[in-house]
Amino acid sequence: MATSIKSDLSEIKLEIQQMNERIDSVEESSDRIVNHASYLEEKVKSQQMEIRDLQLHLDDLENRSRRNNLRIKGVPESVEDKNVPKVISMIFCRILGKESDFDLGLERVHRVYRPRSASSDSPRDILCYLLSFSIKEEILKKARFEKTIEFEGETITIFQDLSRFGET
């Protein structure tokens, strides 16, 4: 009986020793995992800050590339695409108080693409690129001080064309 108890006791001691070894192994693995998770969290924070910096830089570059652009809202869709440059030129000349044959240096004028999901009740915006930054600024400045700009009974608004980064 004593030998049986001794053998049972030594089996229990062996099992406890094996369990302690397994627990030590699990604790070591857990420590490694916790340390690695902390490292990864720091890495993610660092990359998030870098991404934010890159987004700001990209936004700045995009806005610089748009510095000569104006966005015009409210020009009715009844104006055919081929007539949009003439209409915009006429509106700008009226704002500036110039003759309609004044060369504004309009490089590009076109309607903005509208996604299929967007409401078709309001007319699409018009983007225009002016060769002269100073003329663009003068148009913006004078448009701000006019009470209303109208074309075919519709109110026209003129904005600086900016990137959409700040909207989100």
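Here the structure is a predicted model, which means the values were calculated and not measured.
Contact record, Glu146 with Arg94: OE2-O, 4.5 Å, taken as the closest heavy-atom pair. Of all heavy-atom pairs spanning Arg111 and Pro123, the tightest one is NH1-CB, 4.3 Å. Nearest approach of Ser65 to Glu62, heavy atoms of both residues: OG-O, 2.7 Å.
Linking ILVMFWY side-chain heavy atoms closer than 4.5 Å, directly or via other members, places Tyr129 and Val84 in two distinct hydrophobic clusters. One hydrophobic cluster, built from ILVMFWY side chains closer than 4.5 Å, cannot hold both Leu70 and Val112; they sit in different ones. Note on Ile88: it does not cluster hydrophobically with Leu127, by side-chain heavy-atom contacts below 4.5 Å among ILVMFWY residues.
Salt bridge Glu138/Lys142: present, at least one basic N to carboxylate O contact under 4.0 Å. Here Lys45 does not pair with Glu41 in a salt bridge; the nearest charged N to carboxylate O distance is not below 4.0 Å.
With rounding to the nearest 0.5 angstrom, the CD1 atom of Ile23 is 10.0 Å from the CD1 atom of Ile16. Atom CD1 of residue Ile135 and atom CG of residue Leu96 lie 7.5 Å apart, to the nearest 0.5 angstrom. For the atom pair CD of Glu99 and SG of Cys93, the computed distance is 8.5 Å after rounding to the nearest 0.5 Å. Residue Glu152 holds its CD atom at 8.5 Å from CD of Glu154, rounded to the nearest 0.5 Å. Note: Ser132 OG to Leu104 CG = 9.5 Å, rounded to the nearest 0.5 Å. Expressed to the nearest 0.5 Å, how far CE of Met90 lies from CD1 of Ile95 amounts to 10.0 Å.
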Q | Steps toward side chain to side chain contact (heavy atoms under 4.5 Å, CB included) verdict (Lys43, Ser46) | A | CA-CA 5 Å; Lys43 189 81 169 166; Ser46 155; 5.6 Å; no
Q | Criterion side chain to side chain donor-acceptor pair (under 3.5 Å) on Ser25 and Arg22, from CA distance to verdict | A | CA-CA 5 Å; Ser25 174; Arg22 288 177 59 197; over 6 Å; no
Q. Run the side chain to side chain contact (heavy atoms under 4.5 Å, CB included) check on Asp8 and Ile5 step by step: do they pass?
A. CA-CA 5 Å; Asp8 286 346; Ile5 293 176; 5.6 Å; no
Q. Would Lys86 and Asn83 satisfy side chain to side chain contact (heavy atoms under 4.5 Å, CB included), going step by step from the backbone distance to the final call?
A. CA-CA 5 Å; Lys86 291 178 202 165; Asn83 294 331; 3.9 Å; yes
Q. Run the side chain to side chain contact (heavy atoms under 4.5 Å, CB included) check on Leu131 and Leu106 step by step: do they pass?
A. CA-CA 6 Å; Leu131 294 174; Leu106 291 174; over 6 Å; no
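Side-chain contact between Ile158 and Phe92 is present, with at least one heavy-atom pair separated by less than 4.5 Å. Residues Phe151 and Ile72 fail the side-chain proximity criterion, which asks for heavy atoms closer than 4.5 Å. Two residues are said to be in side-chain contact when any heavy atoms from C-beta on lie closer than 4.5 Å; Gln17 and Lys13 fail this criterion. Between Leu162 and Arg66, the closest side-chain pair of non-hydrogen atoms is not below 4.5 Å. In this structure, the side chains of Ile149 and Thr155 stay at 4.5 Å or more apart for every pair of heavy atoms. Proximity of His110 to Ile126: side-chain heavy atoms (C-beta onward) are nowhere separated by under 4.5 Å. Looking at heavy atoms from C-beta onward, Val87 lies out of side-chain contact with Ser89 at the 4.5 angstrom threshold. Using a 4.5 Å cut-off on side-chain heavy atoms (C-beta onward), Asn69 and Cys128 make no contact.
Side chain of Asp125 to backbone of Arg71: no donor-acceptor contact under 3.5 angstrom is found. Under the 3.5 Å distance criterion, the side-chain polar atoms of Ser10 are matched with a main-chain donor or acceptor of Lys6. A donor-acceptor pair under 3.5 Å links the side-chain atoms of Asn35 to the main chain of Asp31, judged by distance alone.
Arg67 forms a cation-pi arrangement with Phe133, by the criterion of a distance under 6.0 Å to the ring centre and an angle within 45° of the ring axis.
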